[in-house]
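A short worksheet on the structure shown next.
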Amino acid sequence: MATLDRAFYERPVVEVARDLIGCSVRHGPTSGLIVETEAYHDSEPACHAFAGLTPRTETLFGAAGRAYVYRSYGIHALFNAVCEAEGVGAAVLIRALAPLRGTELMRARREAAAPRGARLRALTDRDLCSGPGKLTQALGIELRLNGSSLARGPVLVGPRTRRWTETEILAGPRIGITKAVELPWRFWAAGERNVSR
DNA sequence: CATGGGATTGACT
DNA sequence: GTCAATCCCATGC
């Protein structure tokens, strides 16, 4: 599989976030098309790297083109692509995918990860990757993949397979944060059903 | 060493 | 709309 090289990520993080819409993520037999992203940069307080270099943010400040995976709310792993020059703390959060391959494995993983007492009805394809915590469950992306190469794997990010026009990609404020809420650093594919709610 | 806060999700009123 | 689950790590004593 063709993968994006380090130069792709070694650019302003907001540009990379926009350009990742329509690209693909694959982990083993499971894959999806990126339909929603958010940019984070150490110059603004919503970014983990805002606090400076700590054990947690070491990957963020490292080389571009690697995975930054961290635990959110004690429950979910969230998957990011590290961007910009080494020494700059910046990354793109992958917020949603349109499932491509391995949907039955994704469904099995999502069901296995469901909380106790959950789920009275079956998971639809739309329930698999339509959020940052869901897609890491579906693709089996865990904390141990923090720091791994997105060009060499185990998690691979591939380029767009078609041209995307300006009007197909929308921008707006990021979700779920309490600081720097005004920055329009969230991007999504217009009309895509798998974009998070 | 103790404490508190999340880049979320899913159930429930 | 509200709320709890749950854990890594930053901060402060």
Side-chain angles (χ1 to χ4, degrees), chain A residues 9 12-14 16-18 20-21 25 32 34-62 66-84 88-97 99 106-148 150 155 157 170-188 193-197:
Chain A
Y9 302 97
V13 67
V14 177
V16 181
R18 191 184 181 288
L20 277 172
I21 300 294
V25 178
I34 299 173
V35 298
E36 183 182 0
T37 61
E38 283 178 359
Y40 288 87
H41 189 274
D42 62 27
S43 61
E44 46 89 14
C47 182
H48 293 164
F50 186 72
L53 182 61
T54 66
R56 183 192 203 189
T57 61
E58 191 180 333
T59 308
L60 269 175
F61 283 99
R66 293 182 170 278
Y68 169 54
V69 187
Y70 74 95
R71 187 163 305 290
S72 176
Y73 292 97
I75 300 177
H76 305 286
L78 266 54
F79 171 60
N80 302 250
V82 176
C83 293
E84 306 212 6
V88 178
V92 174
L93 171 67
I94 309 302
R95 283 194 60 89
L97 307 174
M106 292 187 195
R107 199 180 325 273
R109 284 170 171 158
R110 289 273 293 126
E111 283 168 357
R116 194 180 62 249
R119 194 63 52 224
L120 299 173
R121 56 176 215 288
L123 289 172
T124 67
D125 283 5
R126 198 180 175 183
D127 295 319
L128 300 179
C129 299
S130 57
K134 297 178 189 178
L135 71 91
T136 56
Q137 281 177 15
L139 297 213
I141 297 175
E142 316 223 353
L143 294 196
R144 56 193 312 282
L145 293 170
N146 184 43
S148 64
L150 298 175
V155 178
V157 177
L170 304 179
R174 295 172 294 182
I175 291 177
I177 55 172
T178 57
K179 294 163 236 171
V181 292
E182 71 286 356
L183 295 174
W185 285 6
R186 172 175 174 249
F187 300 90
W188 68 94
R193 297 175 65 77
N194 291 279
V195 171
S196 70
R197 319 193 291 259

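Below, read A as the first sequence line, B as the second, and so on, with proteins coming before strands; counting in each chain starts at 1.
The shortest distance between the side-chain N/O atoms of A:Lys134 and the OP1/OP2 oxygens of B:dG10 is below 4.0 Å. At B:dG6, none of the side-chain N or O atoms of A:Ser72 fall inside 4.0 Å of OP1 or OP2 (strictly under the cut-off).
What separates CZ of A:Arg56 from C1' of C:dC7 is a distance of 11 Å, to the nearest Å. Between A:Leu123 atom CG and B:dT9 atom C1' there is a gap of 12 Å when expressed in whole angstrom units. B:dG10 atom P lies 7 Å from atom CG of A:Asp127, rounded to whole Å. At whole-Å resolution of the value, CZ in A:Arg144 and P in C:dC8 are 15 Å apart. Atom NE2 in A:His48 sits roughly 6 Å away from atom C1' in B:dA7 (whole-Å rounding). What separates NE2 of A:His76 from C1' of C:dA4 is a distance of 11 Å, to the nearest Å. As a whole-Å value, the separation of A:Arg95 CZ from B:dT8 C1' is 8 Å. As rounded to whole Å, 7 Å separates atom P of B:dT8 from atom CG of A:Leu93.
Minimum interatomic distance between A:Cys47 and A:Gly89 (heavy atoms only, all atoms of both residues): SG-O, 3.9 Å.
A donor and an acceptor atom never sit less than 3.5 Å apart when one is taken from the side chain of A:Tyr73 and the other from the base of C:dA5.
An aromatic stack links A:Tyr40 and the base of B:dA7, using centre distance under 5.5 Å and interplanar angle under 30°.
Here the nucleotide nearest the side chain of A:Leu78, chosen from C:dA5, B:dG6, B:dT8, is B:dT8. Closest to the A:Tyr68 side chain, of the nucleotides C:dC8, C:dT11, B:dA7, is B:dA7.
Here A:Gly74 lies in heavy-atom contact (under 4.0 Å) with a base.
When each of A:Leu128, A:Val25, A:Leu97 is tested with A:Leu135 by the rule side-chain contact (heavy atoms from CB on, under 4.5 Å), just one qualifies, namely A:Leu97.
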In dot-bracket form, how is DNA chain B paired, counting a Watson-Crick or G-U wobble pair only if both its distances are under 3.5 Å and using | for bases paired to another strand? ||||||.|||||.
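Between A:Gln137 and A:Arg109, the side chains place no donor N or O within less than 3.5 Å of an acceptor N or O (distance only, hydrogens not considered).
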